[in-house]
There are 2 protein chains.
Amino acid sequence: MTQAVRHDAMRARNLGVVLTEVRRSGPVTRAALADATGLTKTTVSKLVGDLIAAGMVTETGTLRDGERGRPGTTLALSGGRVAALGLEINVDYLSACVVDLTLAVRLRYTQPVDNSSHTPVETLSHLGKIIHRAVDEARAAGLVIGGATLAVPGPVEGGLLHSAPNLGWRDVDVGGLLGTAPSTGAAPEAPRPPAAAGWGFPVEVDNEANLAALGELWFGSGRGDFLHVSGEIGIGAGLVIGGALFRGARGLAGELGHVVVFPGGPACRCGGRGCLEQYAGQEALLRAAGLDDPDELVRRLRDGDGRALRACERAGHALGVALTSATNLLDPGTIVLGGVFAPLFPWISGAAAATMADRLAAMRRAVPELAVSRLGGDAATLGAAGKVIQRIIADPVSHLAAAGAVPGPPAGRSPAGTVR
Amino acid sequence: MTQAVRHDAMRARNLGVVLTEVRRSGPVTRAALADATGLTKTTVSKLVGDLIAAGMVTETGTLRDGERGRPGTTLALSGGRVAALGLEINVDYLSACVVDLTLAVRLRYTQPVDNSSHTPVETLSHLGKIIHRAVDEARAAGLVIGGATLAVPGPVEGGLLHSAPNLGWRDVDVGGLLGTAPSTGAAPEAPRPPAAAGWGFPVEVDNEANLAALGELWFGSGRGDFLHVSGEIGIGAGLVIGGALFRGARGLAGELGHVVVFPGGPACRCGGRGCLEQYAGQEALLRAAGLDDPDELVRRLRDGDGRALRACERAGHALGVALTSATNLLDPGTIVLGGVFAPLFPWISGAAAATMADRLAAMRRAVPELAVSRLGGDAATLGAAGKVIQRIIADPVSHLAAAGAVPGPPAGRSPAGTVR
DNA sequence: CATATTAAGTCCATAACGTGGATTAAATAG
DNA sequence: CTATTTAATCCACGTTATGGACTTAATATG
């Protein structure tokens with residue numbers, strides 16, 4: 001239900017609105033903020049004062065724009081205090097990153113581990129150590145972690161990982177094992193992340209493909225509304241519309257890999273036949289090219305190897321068919337190819353785009369453009385951290401409650417109101 | 001951008017929250033409303049007072065529940081004053097309905113017209129007359145029309161109908177021709193419907209398939225999150241998630257009819273090949289059955305005609321393949337078959353469900369259930385009216401501004417605050 | 001039947017927050 | 001150097017929700 005608004009909620013909301021606007025329009029003056037938000041200068045000044053006290057905004061200087069009149073002091077997000085932790089468990093590595101409010105990446109770990117040969121408990125305890133180290137280093141740099149998100153390679157609902165075929169995991173309560181209250185993830189309008197359990201900050205768990213899409217949105221080439229295709233061993237996709245992820249009823253939307261390309265095609269591990277994965281998945285691609293190493297495939301393609309080229313062309317065609325269906329159903333603005341498709345883009349995108357153009361042009365004024373992801377394997381980890389930052393900026397109050405009181409300078413005029 | 005909240009916005013929001021809760025939980029007491037919304041009894045009383053003054057809520061009696069303590073007076077939506085107009089232009093008819101706040105249908109017209117043989121201007125002027133009559137009759141019944149929505153058979157963006165192949169229309173500014181400021185429709189987060197232009201109330205234009213899905217949500221068998229398939233000459237679909245329509249980037253989502261079922265199949269009018277429409281569209285179905293009247297097809301099916309049965313089975317299979325792709329991409333909770341599929345449900349759903357079960361069961365814990373629409377051709381018209389009601393209930397203030405001041409009884413204690 | 005108890009709804013003083021006009025500060029224009 | 005313009009702050013005020021006291025109307029109890 002949409003919640004009732006009381007005075008504190010009004011204030012919390014307005015703090016979020018101001019902070020969002022500060023991020024959106026770079027360095028701005030208080031006057032410009034008042035203009036953009038519709039609040040009065042007085043109110044903006046008060047809100048900004050609290051945000052500065054909370055270490056989320058700083059004055060960056062005075063705006064010398066040559067106009068007459070007193071110049072304004074510009075405000076920008078401060079990367080100095082609040083940060084977020086992005087985590088990822090994948091088949092062959094664990095990774096973590098710390099990102100500050102400005103989306104600058106402050107720390108970054110990647111540790112190769114064969115997680116498919118470990119139990120969930122082992123892997124999560126390993127991850128726990130990494131979290132500890134990251135939090136310590138962040139603290140040493142003066143940063144306060146406001147929350148974390150963990151990316152896992154499979155569908156998640158309420159902290160529960162249903163299945164991760166590549167890890168061999170099934171029904172793992174990742175949230176619980178990480179030592180946090182089971183947090184949101186797929187729930188569309190989650191009640192509110194639990195205010196810290198074991199770590200002193202809330203931890204969420206979400207699907208890697210979804211987070212990779214968000215990573216592309218905030219750190220990569222995703223602009224506006226787009227579908228991000230993250231081909232790994234399976235093929236997943238995340239749709240971003242209006243800055244938010246589309247998840248479907250149970251958070252299982254975006255399973256592009258099992259869109260039917262050819263109903264009578266080869267059997268798929270999903271029980272169906274002729275799924276996209278059977279034509280454009282990493283395994284299928286390598287088999288068709290007669291190889292077993294993705295890097296080798298790229299080398300062959302560069303060398304103009306006929307069999308490799310044909311394999312990619314065929315995969316691109318299948319991808320185009322699946323993306324035609326996806327475009328008809330999801331109507332993405334653009335389509336970003338990431339994961340294994342990123343390095344193969346030059347050899348796959350042509351056939352895919354041509355197929356889509358043939359099949360879509362007559363019905364729509366614009367066929368979605370194919371773009372290549374600029375992010376490597378980091379997309380999901382970054383997206384995980386970015387998601388936390390996004391929440392903090394949209395609703396600074398509830399997230400700062402979790403991070404504890406503001407450790408501001410004890411002296412000076414006791415600030416009229418610190419962010420509560 | 002999420003807007004800043006000022007005092008008036010807070011109040012407006014809370015009025016909407018209270019009204020929404022009144023609808024959600026049937027007859028309720030003020031005390032129960034306070035409980036549910038988190039507002040205090042005092043505040044709820046004030047808000048309810050204004051809603052009663054505005055004619056949107058009435059006291060329905062006292063709650064004699066046998067508990068001790070003073071019994072509460074129950075409140076419910078009042079159908080007596082505020083209403084909405086649902087309109088539809090389709091190939092062979094114009095229709096209109098007036099629905100009150102309680103979603104009771106107060107008036108209903110359907111006028112058979114062959115609109116494909118008329119120009120947009122002619123058709124819209126004809127519709128204008130119908131609107132006038134509906135508004136007059138509504139007024140005679142003491143109702144104030146708070147807004148209207150027009151359903152058209154094609155994709156709409158900002159009042160502009162891109163193409164309606166069955167009408168032979170292309171790029172028609174329906175909103176403009178209806179004599180209103182171009183209103184929203186597909187825009188995801190529309191700024192706000194224009195407060196009345198020619199009619200004294202805002203008029204929106206939207207796609208028939210989308211509105212039919214909403215009709216199913218409010219008037220039919222749509223529960224929770226579902227995909228509504230509205231097969232007419234084309235096949236469209238509308239996805240409802242969390243009570244809201246999913247529209248994609250440009251409002252073109254849900255084109256189920258052009259999902260690829262068989263990439264090498266027969267050419268489709270969309271330029272592609274093997275689209276669902278070529279297997280399960282009304283024309284394809286009738287051709288396969290050797291008939292040209294949908295009603296005749298149903299008769300033959302009832303009589304057990306082999307050719308008709310086989311045609312439906314094949315169409316059901318194709319529908320199952322397309323819905324498999326749709327489920328993987330959209331993750332609907334259930335799937336409601338409407339339009340031409342509703343009468344054919346007994347003969348089509350079996351094959352479709354079986355195909356989906358085969359292809360989806362291994363990956364998900366639950367395959368979306370197939371349900372039949374209980375609404376006839378009225379789904380879109382009703383959904384159109386319901387959409388207006390939905391908006392009014394969520395935000396009573398801005399819609400009542402359009403409908404003019406409340407014509408309450410002039411005597412009595414001048415109400416402290418009428419809804420502004 | 002009288003009284004206690006309980007819950008609904010209203011009243012009133014208060015607190016929180018944003019508003020709007022006045023004021024001060026700091027720049028450019030002439 | 002003065003007028004003008006814009007930024008930011010200050011202060012009195014209006015709006016809205018709060019919370020406790022109060023009134024009302026029912027059931028429970030003796």
Side-chain angles (χ1 to χ4, degrees), chain A residues 3-18 22 27-53 57 59-75 397 413 415-420, chain B residues 3-18 22 27-53 57 59-75 397 413 415-420:
Chain A
Q3 257 308 309
V5 182
R6 280 144 31 201
H7 276 130
D8 52 347
M10 173 165 73
R11 183 138 233 276
R13 179 83 179 278
N14 286 342
L15 278 166
V17 168
V18 168
V22 169
V28 255
T29 65
R30 291 171 174 79
L33 284 175
D35 238 42
T37 60
L39 296 165
T40 60
K41 287 188 293 175
T42 310
T43 305
V44 168
S45 273
K46 272 193 284 195
L47 295 172
V48 164
D50 286 1
L51 291 171
I52 289 176
V57 164
E59 302 193 332
T60 55
T62 39
L63 180 68
R64 301 293 305 265
D65 58 353
E67 296 284 306
R68 60 207 251 168
R70 170 178 170 181
T73 55
T74 51
L75 303 163
V397 177
R413 56 127 158 80
T418 42
V419 176
R420 269 153 311 167
Chain B
Q3 259 307 310
V5 182
R6 279 142 34 202
H7 277 131
D8 51 346
M10 174 164 73
R11 182 139 232 276
R13 178 83 179 279
N14 285 343
L15 278 166
V17 167
V18 168
V22 169
V28 253
T29 66
R30 292 170 173 82
L33 284 176
D35 237 43
T37 60
L39 297 165
T40 59
K41 287 187 295 174
T42 309
T43 305
V44 168
S45 272
K46 271 193 285 194
L47 295 172
V48 164
D50 287 1
L51 291 171
I52 289 175
V57 163
E59 303 192 333
T60 55
T62 39
L63 180 68
R64 301 294 305 267
D65 58 352
E67 296 284 306
R68 59 208 251 172
R70 173 177 169 180
T73 55
T74 52
L75 303 163
V397 176
R413 55 128 158 81
T418 43
V419 176
R420 270 151 311 168

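These numbers were taken from a predicted model, which means no experiment stands behind them. All chains are named by letter (A, B, ...) in the order of the sequence lines, taking the proteins before the strands, and each is independently numbered beginning at 1.
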Quick check on dA17(D): is either OP1 or OP2 less than 4.0 Å from any side-chain nitrogen or oxygen of Asn14(B)? yes

Report yes if a side-chain nitrogen or oxygen of Thr73(A) is closer than 4.0 Å to either non-bridging phosphate oxygen (OP1 or OP2) of dA8(D); otherwise report no. yes

Quick one: on DNA chain C, does Thr42(A) or Thr62(A) contact a more 5' nucleotide (nearest heavy atom)? Thr42(A)

Exam field: side chain Thr74(B) to backbone Leu63(B), donor-acceptor pair closer than 3.5 Å: no

I want to check one thing: is the phosphate of dT9(D), taken as OP1 and OP2, less than 4.0 Å away from some side-chain N or O of Ser45(A)? yes

Is there a donor and acceptor pair, one atom on the side chain of His7(B) and one on the base of dC17(C), closer than 3.5 Å? yes

Where do His7(B) and Met10(B) land on the side-chain contact (heavy atoms from CB on, under 4.5 Å) test, with the steps shown first? CA-CA 5 Å; His7(B) 277 131; Met10(B) 174 164 73; 3.6 Å; yes

Under a 3.5 Å distance rule, please check whether Asn14(B) uses its side chain to pair with a backbone N or O of Val5(A) as donor and acceptor. yes

In this structure, how many angstroms lie between the P atom of dA8(D) and the CD1 atom of Ile52(A), rounded? 10 Å

Between CZ of Arg13(B) and P of dA17(D) the distance, given in whole Å, is 12 Å

Provide, to the nearest angstrom, the distance between the CG atom belonging to Asp35(A) and the P atom belonging to dG20(C). 14 Å

Between dG30(C) atom C1' and Arg68(A) atom CZ, what is the distance in whole Å? 9 Å

dA27(C) base to Arg70(A) side chain: any donor-acceptor pair below 3.5 Å? no

Please state whether the phosphate of dA16(C), meaning OP1 or OP2, lies under 4.0 angstrom from any side-chain nitrogen or oxygen of Arg11(A). no

Whole angstroms only, please: what is the NZ-P distance between Lys46(B) and dT16(D)? 8 Å

Does Gly38(A) or Thr74(B) map to a spot on DNA chain C nearer the 5' end, using the closest nucleotide for each? Thr74(B)

OP1 or OP2 of dC17(C) versus the side-chain N and O atoms of Thr43(A): is any pair under 4.0 Å? no

Compare side-chain N and O positions of Arg6(A) against OP1 and OP2 of dT18(D) and report whether any pair is under 4.0 Å apart. yes

Length of the CZ-P vector between Arg30(A) and dT24(C), whole Å: 20 Å

